[in-house]
> 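Here you go, one structure.
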Amino acid sequence: MASITHDATTKCYKPVIDLINRCLEADQGNAYRAALKDAIMQQPDIYQQVDIGFRSHLGASLLGKKCRRDIWYSFRWVKEPKFEGRMVRLFNRGHMEEPRFIALLRQAGMQTWSANTDGTQFRFSNCNGHYGGSLDCVVMGVPEYEGIPMLSEFKTHSEKSFAKLESVGVQAAKWEHFVQMNQYMGHYKLKHALYLAVNKNNDELYAEVVHFDEQIFDFDVTLAQTVSHTKKPPMKINKDKNFWLCRYCDHSEICHSGADVFPSCRTCKHVDMRDGGKWVCLLQNNLELSKEKQYTGCNSRIPLVEM
């Protein structure tokens, strides 16, 4: 492997950006559009319909949050996700960017894999099936890393966020993204990740090569185990609801003001966790609860005392 070339003023890995742009300019995007046609149909998150907005497992994308209580609340379904139209469009924009990034890599001559041979996404599972995540892509042929398979993670950024990313790199600018990539690398035995980001204002691209950190990986796996397997919410990150992280938290009213909790089985005293990502009802002789049953609950629900 040749010496690695980074931008002298940022952590941006210029060889990837330069290669992508050279190939786009060479045929004015024809190879990119052909690759995009195939990539879109391989990304079901773009078009699939969802009846229950809750995620069954604790996702790696949440693990880097500074507030462990916030992570626990999401995993325990204390508040049903309901978003205004703009946010729904914004989330879908993120899904739409995945095939665009994959097409950019392919038209630049790199190989990409985003699913198993049966069409299912690359996923990992840990903590008895209650923690996991889905990889965006595995890429090979990255300049100066030829022959080395790498994780590739795709993100969109606002103008302000993108500027910070360029200035200090993903680990300092977006810790959640760094943790997420580290978890994917560790579970798939990959030593490097290619982080690709786009500025939504002007379509400017940013690339960074991130290296696996085993200590951080081990710490966060332990954190996932601790947070997912406790029936008691972790301590508040701050007792003041006006603290900046609390002020913008989706769970602030529940955490600080005692707002009503969504009445799912996951916030019931009778529920218990089992291996394989399963939840059972102790009141019904360890009856295994489907995701739909967890969502609807029953009249015998007794809320967890402390929320």
Side-chain angles (χ1 to χ4, degrees), residues 1-36 38-39 42-43 94 96-114 122 135-159 161-186 188-214 216:
M1 185 171 65
S3 60
I4 307 307
T5 309
H6 285 276
D7 188 306
T9 58
T10 76
K11 292 182 178 293
C12 183
Y13 188 62
K14 293 287 286 183
V16 169
I17 305 300
D18 292 343
L19 177 60
I20 287 173
N21 286 330
R22 282 200 309 270
C23 293
L24 285 170
E25 292 163 9
D27 71 352
Q28 292 299 288
N30 283 322
Y32 164 69
R33 286 185 286 271
L36 183 60
D38 293 332
Q42 297 170 7
Q43 301 297 318
M96 287 291 290
E97 288 297 337
E98 291 186 24
R100 294 187 71 211
F101 278 121
I102 289 172
L104 287 173
L105 293 172
R106 289 178 180 173
Q107 65 89 38
M110 289 172 260
Q111 293 178 279
T112 68
W113 298 268
S114 56
F122 293 138
L135 285 65
D136 283 347
C137 174
V138 174
V139 60
M140 193 157 65
V142 173
E144 301 183 25
Y145 288 87
E146 287 84 356
I148 300 176
M150 303 172 66
L151 168 74
S152 195
E153 184 69 19
F154 311 131
K155 299 296 184 184
T156 63
H157 288 257
S158 66
E159 182 90 26
S161 177
F162 192 85
K164 183 176 181 181
L165 179 66
E166 286 189 303
S167 175
V168 298
V170 63
Q171 183 172 354
K174 286 291 181 180
W175 177 251
E176 291 175 38
H177 297 174
F178 180 80
V179 167
Q180 185 180 6
M181 287 187 290
N182 209 48
Q183 286 296 300
Y184 294 160
M185 282 189 279
Y188 269 78
K189 308 301 180 185
L190 299 170
K191 297 300 182 184
H192 311 285
L194 176 66
Y195 181 79
L196 285 174
V198 63
N199 183 332
K200 290 180 288 187
N201 289 55
N202 58 18
D203 229 44
E204 185 179 357
L205 294 176
Y206 174 88
E208 183 179 338
V209 173
V210 177
H211 306 290
F212 176 62
D213 188 312
E214 188 171 5
I216 293 177

> Could you tell me whether the side chain of V142 reaches within less than 4.5 Å of the side chain of V16, counting heavy atoms only?
yes

> Just by distance, do the side chain of S152 and the backbone of L194 share a donor-acceptor pair under 3.5 Å?
yes

> Taking all atoms of both residues into account, what is the closest heavy-atom pair of M110 and V139, and its distance?
CB-CG2, 3.9 Å

> Do I102 and Q42 pass the side chain to side chain contact (heavy atoms under 4.5 Å, CB included) test, and can you show the C-alpha distance, the side-chain angles, and the key distance before you say yes or no?
CA-CA 10 Å; I102 289 172; Q42 297 170 7; 5.8 Å; no

> To the nearest 0.5 Å, how far apart are CD in E208 and CG in L165?
6.5 Å

> Rounded to the nearest 0.5 Å, what separates atom CG in D136 from atom CG in L151?
7.5 Å

> Output every pair passing salt bridge (Lys or Arg N to Asp or Glu O under 4.0 Å) with a member in residues 97-112, not counting sequence neighbours, ordered by first then second residue.
R93-E97, E97-R100, R100-D203

> At what distance, to the nearest 0.5 angstrom, does CD1 of I20 lie from CG of L105?
5.5 Å

> Can you sort out the partners of Y32 under ring pair (Phe, Tyr, Trp, His ring centres under 6.0 Å), two or more places apart, ordered by chain and number?
none

> Going from CE on M150 to NE2 on H211, what distance comes out if it is rounded to the nearest 0.5 angstrom?
7.5 Å

> Go through the structure and list residues passing ring pair (Phe, Tyr, Trp, His ring centres under 6.0 Å) with Y195, not counting sequence neighbours.
H177

> Just jot down the ring pair (Phe, Tyr, Trp, His ring centres under 6.0 Å) partners of W175, sequence neighbours excluded, or say none.
F178

> Would you please name every residue forming a side-chain contact (heavy atoms from CB on, under 4.5 Å) with E204, sequence neighbours left out?
F162, E166, N199, N202

> Do L196 and Y206 pass the side chain to side chain contact (heavy atoms under 4.5 Å, CB included) test, and can you show the C-alpha distance, the side-chain angles, and the key distance before you say yes or no?
CA-CA 6 Å; L196 285 174; Y206 174 88; over 6 Å; no

> Start with the C-alpha distance between V138 and Y188, add both sets of side-chain angles, then the distance that settles side chain to side chain contact (heavy atoms under 4.5 Å, CB included), and finish with yes or no.
CA-CA 10 Å; V138 174; Y188 269 78; 5.6 Å; no

> Might you point out which heavy atoms bring I17 and C12 nearest each other, and give the distance in Å?
CG1-SG, 4.4 Å

> Using side chain to side chain contact (heavy atoms under 4.5 Å, CB included), reason through E144 and V209 one step at a time and then give a plain yes or no.
CA-CA 11 Å; E144 301 183 25; V209 173; over 6 Å; no

> Measuring from atom CG of L19 to atom CZ of R22, what distance do you get when rounded to the nearest 0.5 angstrom?
5.0 Å

> Report yes if some heavy atom in the side chain of L205 is under 4.5 Å from a heavy atom in the side chain of F101; otherwise report no.
yes

> Could you tell me the separation between the NZ atom of K189 and the CZ atom of F212, rounded to the nearest 0.5 Å?
7.5 Å

> So, using side-chain hydrogen bond (donor to acceptor under 3.5 Å, both in side chains) as the criterion, who are the partners of K155 when residues are at least two apart?
E153, Q180

> According to side-chain contact (heavy atoms from CB on, under 4.5 Å), who are the partners of K164, at least two apart in sequence or on a separate chain?
V168, A173

> Name all residues meeting the side-chain hydrogen bond (donor to acceptor under 3.5 Å, both in side chains) criterion together with N30; count only those two or more places apart in sequence or in a different chain, and write none if there are none.
R33

> Quick one: side-chain hydrogen bond (donor to acceptor under 3.5 Å, both in side chains) partners of S161, sequence neighbours excluded?
H157

> For a quick test of reading the model, state the closest non-hydrogen atom pair linking A108 to C23 and the distance between them.
CA-SG, 3.7 Å

